[in-house]
Student: 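Got a structure for you, questions after.
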Amino acid sequence: MTDNTTNPTGSSADSAAGSFYGGMYTEGTKVADHKAPDGPIDKKWTRRKFEAALVNPANRRKMSVIIVGTGLAGGAAAATLGEAGYHVKSFCFQDSPRRAHSIAAQGGINAAKNYKEDGDSIQRLFYDTVKGGDYRSRETNVYRLAEVSANIIDQCVAQGVPFAREYGGLLDNRSFGGVQVSRTFYARGQTGQQLLIGAYQALERQVAAGTVEQFTRHEMLEVIVDGEGEERRARGIIVRDLVTGEIETHLADAVVLASGGYGNVFFLSTNAMGSNVTATWRAHRKGAYMANPCYTQIHPTCIPVSGEHQSKLTLMSESLRNDGRIWVPKNREDCDKDPRQIKEEDRDYYLERIYPAFGNLVPRDIASRQAKNVCDEGRGVGPVVGDFRRGVYLDFADAIKRLGRAAVEEKYGNLFDMYARITGENPYETPMRIYPAVHYVMGGLWVDYDLQSSIPGLFVTGEANFSDHGANRLGASALMQGLADGYFVLPNTIRDYLAKVPPSTLKEDSPAVVEARKAVEERTERFLAINGERSVDSFHRELGNIMWEYCGMERSEEGLLKAIDLIRGLREEFWRNVRVLGSADTLNQSLEKAGRVADFLELGELMCIDALHRRESCGGHFRAESQTEDGEALRHDDEFAYVAAWEFTPPSGEQEGVGAGMGTPVLHKEDLVYEFIELKQRSYK
């Protein structure tokens with residue numbers, strides 16, 4: 001399956017080692033998406049829906065689908081498939097579907113409705129998203145996302161989502177980074193929460209109707225894959241009841257992963273504490289390709305780190321950049337002063353200075369990198385953390401003067417209240433302090449146009465897949481993708497698979513099921529038997545520090561090589577010295593965390609290998625060796641205009657067994673061909 005006889009990249013490190021960075025990876029056959037129809041891009045989705053096979057209503061009742069995750073992508077998919085008549089099993093590890101991390105999204109959801117008559121269109125949303133992702137996303141998937149975006153708003157309004165409205169009663173819009181039109185629909189700073197309530201109500205209606213069976217406090221620990229070669233199919237999952245500790249088997253005709261992103265590999269992130277990679281990583285170990293894992297979004301508008309006591313960071317919505325102005329003192333000696341005492345002529349509104357066309361609404365990766373730059377120059381504000389002040393000001397004085405405090409409070413009041421509770425500072429009187437932090441991930445399991453992974457029968461939606469955002473997600477696009485996938489895309493594509501594949505005949509004593517269950521049990525037993533001296537959290541924090549330092553906002557060949565060595569050493573110590581308290585047959589959060597951190601330790605290594613092999617700066621992936629004369633990201637389209645889809649290989653020889661880690665990963669490239677958008681260097685000036 002693999003072929004590592006050529007080295008197309010040819011770096012100095014490769015040449016010195018004689019192969020890919022000393023054999024850290026091999027290169028396999030190319031991968032391609034064969035599901036998107038030929039023809040004009042605006043006709044592809046209509047044609048695909050028509051060509052997809054149908055399942056008649058009577059047969060739907062005989063078919064079952066497992067959906068892991070109840071956020072916007074998973075909740076919307078479960079509700080829609082349940083209403084269509086399929087038997088759906090819905091799983092989440094929280095005590096309620098309403099606790100999915102989608103609830104934390106604040107600022108808004110994009111849709112190409114052009115309510116402001118400011119030049120927006122499906123084509124412009126498509127263009128902005130591909131450009132914002134630095135030309136590393138797949139055209140066909142992104143155009144479809146833009147095409148169905150308007151339907152999402154109609155769907156949510158029908159569900160009663162309380163979007164903000166103008167004086168005359170029409171839905172209001174605001175702008176987000178990376179665009180010059182107003183296309184973001186919002187519900188104050190609670191957009192994710194309100195959208196999730198809408199999806200939750202639709203889901204619970206199907207639970208009451210009997211089409212959806214709901215399993216809360218259940219965590220997926222393995223995917224069941226049956227068959228060989230072309231007959232290989234995902235047919236179920238192994239889960240652990242987090243209350244009783246019981247290991248359960250659930251079988252179905254297809255499996256959908258809607259389990260979110262893996263930003264918590266960095267330990268400190270804006271993600272909910274429980275967010276993890278386990279569902280997708282277990283699928284990856286079974287053969288699902290992991291695409292672009294190093295593409296991590298750094299969000300510029302977060303409350304800064306304040307010390308070692310923190311276990312997560314808090315996001316302040318990007319919508320604040322509509323009216324807030326970002327600045328730092330021009331002079332280092334002013335960084336200790338009360339910002340209100342710093343004169344206007346002594347302030348550097350650096351985004352407005354560097355990017356006059358977009359100003360404070362540049363994309364997230366650019367705003368984040370420039371914040372890091374001014375802080376590295378010694379012009380950061382706030383307390384010293386480590387060796388630097390890690391903060392810049394987000395100032396609403398001009399907006400309050402222009403609009404009045406009441407108008408600002410109406411738009412952003414809950415966000416200002418949250419900031420005041422966390423920091424003890426009044427943002428109406430003193431500028432907020434913000435700094436970039438890990439937020440969303442653009443990488444995820446590889447999927448084709450139908451959202452099917454490289455394992456037939458395993459579909460992946462929302463943040464768990466890679467397809468729509470390239471190397472940087474534009475603001476207000478996560479909610480758009482989650483609901484588009486769940487309400488409008490997956491229900492139309494999974495039926496084509498279900499109509500053509502024989503129903504599952506697996507039983508609990510089938511070899512594939514027994515093997516998957518045994519793997520979960522052996523892994524659990526191993527965790528509890530180690531009885532080491534270090535807590536799970538201590539390993540997680542150390543991994544996060546390595547990832548942030550060497551695979552975070554800025555990366556280099558030297559740093560990534562060091563990180564890989566450090567992660568391998570840390571993983572070896574984890575499996576030798578971690579201490580997992582309690583037992584397996586009861587509620588045990590220490591055991592839950594151990595499984596998640598073990599997967600993060602493997603993911604972290606693959607992220608660094610992916611970042612190492614991609615020797616270009618692209619979106620949120622800033623490679624120190626690849627930048628323009630003025631310090632902007634420099635892509636190399638002649639070498640890297642492809643999706644990096646990684647295949648897992650198990651370790652061999654003495655390294656086999658639970659905790660052995662990874663073998664040498666295999667890189668499969670999907671060439672990115674741009675027929676409808678011109679590839680060019682990004683500019684927001």
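Along the sequence shown, residues carry numbers from 1.
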Student: Report the residues that fulfil side-chain contact (heavy atoms from CB on, under 4.5 Å) with Ala420, sequence neighbours left out, ordered by chain and then residue number.
Tutor: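 In terms of side-chain contact (heavy atoms from CB on, under 4.5 Å), with neighbours along the sequence ignored, Ala420 is linked to Pro427.
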Student: Please identify each residue that fulfils salt bridge (Lys or Arg N to Asp or Glu O under 4.0 Å) with Arg174, with sequence neighbours left out.
Tutor: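 Listed in chain order: nothing, the list is empty.
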Student: Taking 4.0 angstrom as the limit, do Arg379 and Glu333 come out as a salt bridge?
Tutor: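 Salt bridge between Arg379 and Glu333, a charged N being under 4.0 Å from a carboxylate O: no.
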Student: Sequence neighbours excluded, which residues qualify as side-chain contact (heavy atoms from CB on, under 4.5 Å) partners of Leu361?
Tutor: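 Leu361 satisfies side-chain contact (heavy atoms from CB on, under 4.5 Å) with Ser175, Arg321, Asn322 once adjacent residues are dropped.
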Student: Would you find a donor on one side and an acceptor on the other, under 3.5 Å apart, between the side chain of Asp398 and the backbone of Gly324?
Tutor: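 No; judged by distance alone, with no hydrogens or angles, the pair does not exist.
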Student: Any donor and acceptor pair, going by atom type alone, linking the side chain of Asp346 with main-chain N or O of Lys330 inside 3.5 Å?
Tutor: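 It does not hold such a pair.
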Student: Could you tell me which residues satisfy side-chain contact (heavy atoms from CB on, under 4.5 Å) with Leu171, sequence neighbours excluded, listed by chain and number?
Tutor: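 Partners of Leu171 by the side-chain contact (heavy atoms from CB on, under 4.5 Å) criterion, ordered by chain and then number, come out as Tyr115, Ile153, Val157, Phe163, Arg165, Phe185.
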Student: So do the side chains of Asp610 and His613 get within less than 4.5 Å of each other, counting heavy atoms only?
Tutor: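 A side-chain contact exists here, since the closest heavy-atom pair is under 4.5 Å.
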Student: Please answer whether the main-chain N or O of Gly274 pairs with a side-chain N or O of Asn264 as donor and acceptor at a distance below 3.5 Å.
Tutor: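 Pair absent, no side-chain N/O of Asn264 close to backbone of Gly274.
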Student: Side chains of Thr184 and Asn110: donor-acceptor distance under 3.5 Å anywhere?
Tutor: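 Yes, side-chain donor-acceptor contact under 3.5 Å.
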Student: Determine yes or no for a side-chain-to-main-chain donor-acceptor pair under 3.5 angstrom, with Gln106 supplying the side chain and Ser317 the backbone.
Tutor: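 At least one qualifying donor-acceptor pair exists.
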Student: For Lys113, give me all partners under salt bridge (Lys or Arg N to Asp or Glu O under 4.0 Å), at least two apart in sequence or on another chain.
Tutor: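 Testing Lys113 for salt bridge (Lys or Arg N to Asp or Glu O under 4.0 Å), a comparison that skips the adjacent residues, returns Asp154.
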Student: Aromatic rings Trp327 and Tyr349: how do their planes relate, parallel, tilted or perpendicular, breaks at 30° and 60°?
Tutor: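 Aromatic pair Trp327/Tyr349 classed tilted.
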Student: Could you work out, with ring-ring contact (aromatic ring centres under 6.0 Å, His included) as the rule, every residue matching His101, not counting sequence neighbours?
Tutor: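 Scan of His101 (ring-ring contact (aromatic ring centres under 6.0 Å, His included), adjacent residues dropped) gives none.
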Student: Going by salt bridge (Lys or Arg N to Asp or Glu O under 4.0 Å), name the residues that satisfy it together with Arg364, two or more places apart in sequence or in a different chain.
Tutor: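 Here the qualifying residues are Glu318.
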Student: If you apply the rule side chain to side chain donor-acceptor pair (under 3.5 Å), what do you find for Arg614 with Tyr642, and how did you get there?
Tutor: CA-CA 10 Å; Arg614 191 175 284 273; Tyr642 59 78; 5.1 Å; no
Student: With side chain to side chain donor-acceptor pair (under 3.5 Å) as the criterion, how do Tyr419 and Asn426 come out once you've worked through the C-alpha distance, each side chain's angles and the decisive distance to 0.1 Å?
Tutor: CA-CA 8 Å; Tyr419 181 88; Asn426 185 343; over 6 Å; no
Student: Hey, can you pull the donor-acceptor pairs under 3.5 Å for the side chains in residues 466-473, sequence neighbours left out?
Tutor:
| from | atom 1 | to | atom 2 | distance (Å) |
| --- | --- | --- | --- | --- |
| Ser467 | OG | Asn465 | OD1 | 3.3 |
| His469 | NE2 | Tyr440 | OH | 3.4 |
| His469 | NE2 | Gln481 | OE1 | 2.8 |
| Asn472 | OD1 | Gln297 | NE2 | 3.3 |
| Asn472 | ND2 | Gly132 | O | 3.1 |
| Asn472 | ND2 | Asp365 | OD1 | 3.1 |

Student: Tell me yes or no: between the side chains of Glu542 and Ser538, is some donor less than 3.5 Å from an acceptor?
Tutor: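 Judged by distance alone, the side chains do not pair up.
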Student: Please name all residues satisfying side-chain contact (heavy atoms from CB on, under 4.5 Å) with Ile677, sequence neighbours left out, ordered by chain then number.
Tutor: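 Applying side-chain contact (heavy atoms from CB on, under 4.5 Å) to Ile677 gives Phe126, Tyr127, Val130, Tyr135, Glu139.
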Student: Regarding Asp334 and Arg347, does a basic nitrogen lie under 4.0 Å from an acidic carboxylate oxygen?
Tutor: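 Salt bridge: no.
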Student: Find the distance between CG (Asp134) and CZ (Arg682) and round it off to the nearest 0.5 Å.
Tutor: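 If I round to the nearest 0.5 Å, the distance is 4.0 Å.
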Student: Quick check on the 6.0 Å ring-centre criterion: do Phe600 and Phe267 meet it?
Tutor: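 Centroid separation for Phe600 and Phe267: 6.0 Å or greater.
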Student: Would you mind listing every salt bridge (Lys or Arg N to Asp or Glu O under 4.0 Å) that reaches into residues 431-440, with sequence neighbours excluded?
Tutor: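 Output for this query lists Glu425-Arg433.
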Student: Is a donor from one side chain sitting under 3.5 angstrom from an acceptor on the other, for His636 and Ser626?
Tutor: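 Their side chains do contain a donor-acceptor pair, which is all the 3.5 Å distance test asks for.
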Student: Salt bridge (Lys or Arg N to Asp or Glu O under 4.0 Å) with Lys116: which residues, sequence neighbours excluded?
Tutor: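 Once residues adjacent in sequence are excluded, the partners of Lys116 under the salt bridge (Lys or Arg N to Asp or Glu O under 4.0 Å) criterion are Glu166, Asp172.
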Student: Between Lys372 and Asp376, does any side-chain N to carboxylate O distance fall below 4.0 Å?
Tutor: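 Yes, Lys372 and Asp376 are salt-bridged.
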Student: Return yes if a side-chain donor-acceptor contact under 3.5 Å exists between Tyr143 and Arg138, otherwise no.
Tutor: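 There is no such pair (donor and acceptor under 3.5 Å, judged by atom type) between the side chains of Tyr143 and Arg138.
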Student: Measure from the side-chain N and O atoms of Ser182 to the backbone N and O of Asn173, and report whether any donor-acceptor pair falls under 3.5 Å.
Tutor: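 No.
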Student: Which pairs, with at least one residue in residues 350-361 and sequence neighbours excluded, count as a side chain to side chain donor-acceptor pair (under 3.5 Å)?
Tutor: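 Sorted result for residues 350-361: Arg325-Glu352, Asp348-Arg353, Glu352-Asn360, Tyr355-Gln370, Tyr355-Glu632.
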